[in-house]
Amino acid sequence: MGTSIELCLGDISLSYSKNHIGIDYGFLFQDGDLKRGKSKTINYEYYEENPDEKYELDEAEEVFSRTLSRVLTRLNLLGFTLEAARAEYQAVVAEAEEISREIDVDGSKQEFLTFEEFCSLACRYPLRELKNDYIEYDTPDRDKVSRGRFATDIDLFYRIPGYGDSDLYWSEASYLSASVCILSAESMLQVFAQHEENAEIEVSWAFGPIVHAGWVHRDAFLAGARQRQKVLIATEGTSDARIIRRALDVLRPDVADFFNFVDVEERHPFWGTGNLVKFAEGLLRIEVLNQVLFVFDNDAEGVDAFRKLEKLNPPANMRAMLLPDIEEFLEFKTLGPEGVNISDINGRAAAIECYLDLRLDQYPPAQVTWSNLKKDIDAWHGVLDFKESYSKHFYDQSDYDLQNGEYDASKLSKLIDSLILQAGLVVPVV
């Protein structure tokens, strides 16, 4: 006897543990994903007969749940990508081939499914279409009946590495789960995501029953990024940190909890590019174990500082990035010694304010003024005119206006997506 806990995608079981927490999947979810759900392990007739004890259901029905599409953004940031799933599958195939060579004395080689074929089989039907009604053991031809539509694909299932043709299934859904879920839960989520109709299927981790049964304390189940998974964002100044922090919270809320910032609200401890490089040098000397992403403006001073930091050969848990080059900056109004021109400001004058909505009625079209020549990189450095006004306009917007209003957040979205991509390349210290 005992109580189990499973991570599921719809009716597909991806990970199972009994009488203990098993793998901690809290990082897949956020606080808003805490819900209540009916559980097959709960005797609801008992609570109907004992209504005074129904309060226990508040705990027993607790579950973390969110759609697959929203889980994928978190998986990708942590490196659990489709390519990582491919590598894991190929490792399983290699191991199965080695075992097959040792067993098959006639020298024949078993042909396993390619990764593409494996994904195609797993996604043969949308998961919400799979039957999950229990087929009784005394049902004639139970094995075939339980497999449902998959019975016609049995030859393909035999080509799955490690396929054992066990009888631990009772429906289409349970057969697919027992046969195909040979990879980590994170990789299987990527595999099932290859069918677009699975995007809105719920990924659920029902922990209420195991807590209610007393096997695991409730405090063990927390949603959100774990400390070792978080990335510290270090910027040139407070304004950069505040803009990025709010953009993450509003535009990419599904991954915002993976990021920490240095003194977002208080006085910035290392104002400017030079001090940010010095801060990086200090972290290198003390061999800090945190994951750190240094973010520089995409201007001449930022490029200069970025190159200096790269020469320090930071370890894998530290990475530097420039704000991204974008098409909108290829032809930008500029003012210099030769008057007004249209110039490419990527790498020369694209500070973070340039990625905001630059349409302000009280000011003329946005313009960069060239200020000084950076000899180390042979490029002029420029500054956006009235940049504080663009920042103020950004802070004045409601969350709704940033997401759905007339505020143009397209350039800011490109910046944030670039930052998330770079953060996913920062490697934690094991």
Side-chain angles (χ1 to χ4, degrees), residues 1-68 70-71 126-143 145-148 150 166-181 184-185 188-189 192 198 200-224:
M1 297 295 290
T3 307
S4 63
I5 179 172
E6 295 179 84
L7 181 75
C8 295
L9 176 61
D11 291 325
I12 302 297
S13 177
L14 305 175
S15 181
Y16 172 91
S17 181
K18 187 173 183 179
N19 297 346
H20 63 95
I21 189 173
I23 299 175
D24 180 6
Y25 290 110
F27 69 90
L28 295 177
F29 308 96
Q30 293 173 301
D31 289 338
D33 298 323
L34 180 60
K35 303 169 185 177
R36 286 182 58 173
K38 296 290 184 179
S39 172
K40 296 179 181 179
T41 66
I42 297 175
N43 184 353
Y44 286 98
E45 291 184 1
Y46 170 82
Y47 289 104
E48 289 298 325
E49 296 171 359
N50 299 274
D52 292 343
E53 298 182 31
K54 276 191 175 182
Y55 70 90
E56 294 182 356
L57 293 177
D58 293 343
E59 176 184 77
E61 291 184 338
E62 282 192 309
V63 57
F64 286 130
S65 178
R66 75 189 299 158
T67 60
L68 176 58
R70 296 183 62 211
V71 168
L127 295 185
R128 68 174 70 255
E129 291 184 3
L130 300 183
K131 297 178 181 179
N132 200 37
D133 294 333
Y134 188 84
I135 305 299
E136 298 293 342
Y137 271 92
D138 58 358
T139 301
D141 294 325
R142 180 183 184 275
D143 286 350
V145 174
S146 298
R147 291 170 182 158
F150 292 122
S166 73
D167 60 353
L168 298 178
Y169 56 87
W170 57 88
S171 63
E172 279 185 328
S174 63
Y175 177 68
L176 185 67
S177 178
S179 305
V180 173
C181 294
S184 65
M188 290 309 307
L189 287 170
F192 286 120
N198 291 338
E200 299 309 306
I201 299 292
E202 291 287 318
V203 179
S204 60
W205 196 36
F207 59 88
I210 202 169
V211 170
H212 182 62
W215 292 106
V216 185
H217 196 275
R218 175 62 178 84
D219 292 344
F221 297 95
L222 300 174

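Quick caveat, the model's predicted, so the values are computed rather than measured. In this chain, numbering begins with 1 at the start of the sequence shown.
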Peer 1: Could you state the interatomic distance from CD (E49) to CG (N43), rounded to the nearest 0.5 Å?
Peer 2: 7.5 Å
Peer 1: Using modelled atom types only, decide if a donor and an acceptor are shared between the side chain of N198 and the backbone of P126 within a distance under 3.5 Å.
Peer 2: no
Peer 1: Are W215 and K18 packed together at the side-chain level, in the sense that at least one heavy-atom pair is separated by less than 4.5 angstrom?
Peer 2: no
Peer 1: Do the side chain of R142 and the main chain of V145 share a donor and acceptor less than 3.5 angstrom apart?
Peer 2: no
Peer 1: Tell me every residue that passes side chain to side chain donor-acceptor pair (under 3.5 Å) with E200, counting only those two or more places apart in sequence or in another chain.
Peer 2: S69
Peer 1: Within the supplied structure, the quantity of interest is the number of heavy atoms (other residues, nucleotides, ligands) at a distance under 6.0 Å from E45 CD; does it exceed 12?
Peer 2: no
Peer 1: Any non-hydrogen side-chain atom of I210 less than 4.5 Å from a side-chain atom of F221?
Peer 2: yes
Peer 1: So, using ring pair (Phe, Tyr, Trp, His ring centres under 6.0 Å) as the criterion, who are the partners of F29 when residues are at least two apart?
Peer 2: F64
Peer 1: Return the minimal non-hydrogen interatomic distance between A220 and I21, and the atom names on each side.
Peer 2: O-CD1, 3.9 Å
Peer 1: Is there a side-chain contact between V203 and R70, using heavy atoms and a 4.5 Å cut-off?
Peer 2: no
Peer 1: Could you walk me through whether H212 and L57 pass side chain to side chain contact (heavy atoms under 4.5 Å, CB included), step by step?
Peer 2: CA-CA 9 Å; H212 182 62; L57 293 177; over 6 Å; no
Peer 1: Are the side chain of Y137 and the backbone of W170 linked by a donor-acceptor contact shorter than 3.5 Å?
Peer 2: no
Peer 1: The criterion is side chain to side chain donor-acceptor pair (under 3.5 Å); which residues satisfy it with K131, sequence neighbours excluded?
Peer 2: none
Peer 1: If we ignore hydrogens and angles and just use 3.5 Å, is the side chain of D33 paired with the main-chain N or O of R66 as donor and acceptor?
Peer 2: no
Peer 1: Might you point out which heavy atoms bring K54 and Y47 nearest each other, and give the distance in Å?
Peer 2: CE-O, 3.5 Å
Peer 1: What pairs with Y16 under side chain to side chain donor-acceptor pair (under 3.5 Å), at least two apart in sequence or on another chain?
Peer 2: none
Peer 1: Determine whether L130 and Y175 make a side-chain contact, defined as any pair of heavy atoms from C-beta on separated by less than 4.5 Å.
Peer 2: no
Peer 1: Please tabulate, for the side chains in residues 8-15, all donor-acceptor contacts under 3.5 angstrom to protein atoms that are two or more places apart in sequence or on a different chain.
Peer 2:
from: S13; atom 1: OG; to: E6; atom 2: OE1; distance (Å): 2.6
from: S15; atom 1: OG; to: Y25; atom 2: OH; distance (Å): 3.1

Peer 1: Find out whether I23 and L7 are in side-chain contact, i.e. whether some heavy atom of one side chain is under 4.5 Å from a heavy atom of the other.
Peer 2: no
Peer 1: Taking only residues two or more places apart in sequence, or in another chain, which ones meet E202 in a side chain to side chain contact (heavy atoms under 4.5 Å, CB included)?
Peer 2: K35, S65, T67
Peer 1: Is it the case that the side chain of S146 and the backbone of D143 share a donor-acceptor pair, with hydrogens and angles ignored and the cut-off at 3.5 Å?
Peer 2: no
Peer 1: For a quick test of reading the model, state the closest non-hydrogen atom pair linking S171 to N132 and the distance between them.
Peer 2: OG-OD1, 2.7 Å
Peer 1: Crowded around N50 CG? As in, over 12 foreign heavy atoms under 6.0 Å?
Peer 2: yes
Peer 1: Show your working on side chain to side chain contact (heavy atoms under 4.5 Å, CB included) between L176 and F192 and close with a plain yes or no.
Peer 2: CA-CA 11 Å; L176 185 67; F192 286 120; 3.9 Å; yes
Peer 1: Whether the side chain of S204 engages the backbone of A206 through a donor-acceptor N/O pair (distance < 3.5 Å, no angle test) should be reported.
Peer 2: no
Peer 1: As an exercise, state the distance from CD of E62 to CZ of R36, rounded to the nearest 0.5 Å.
Peer 2: 8.5 Å
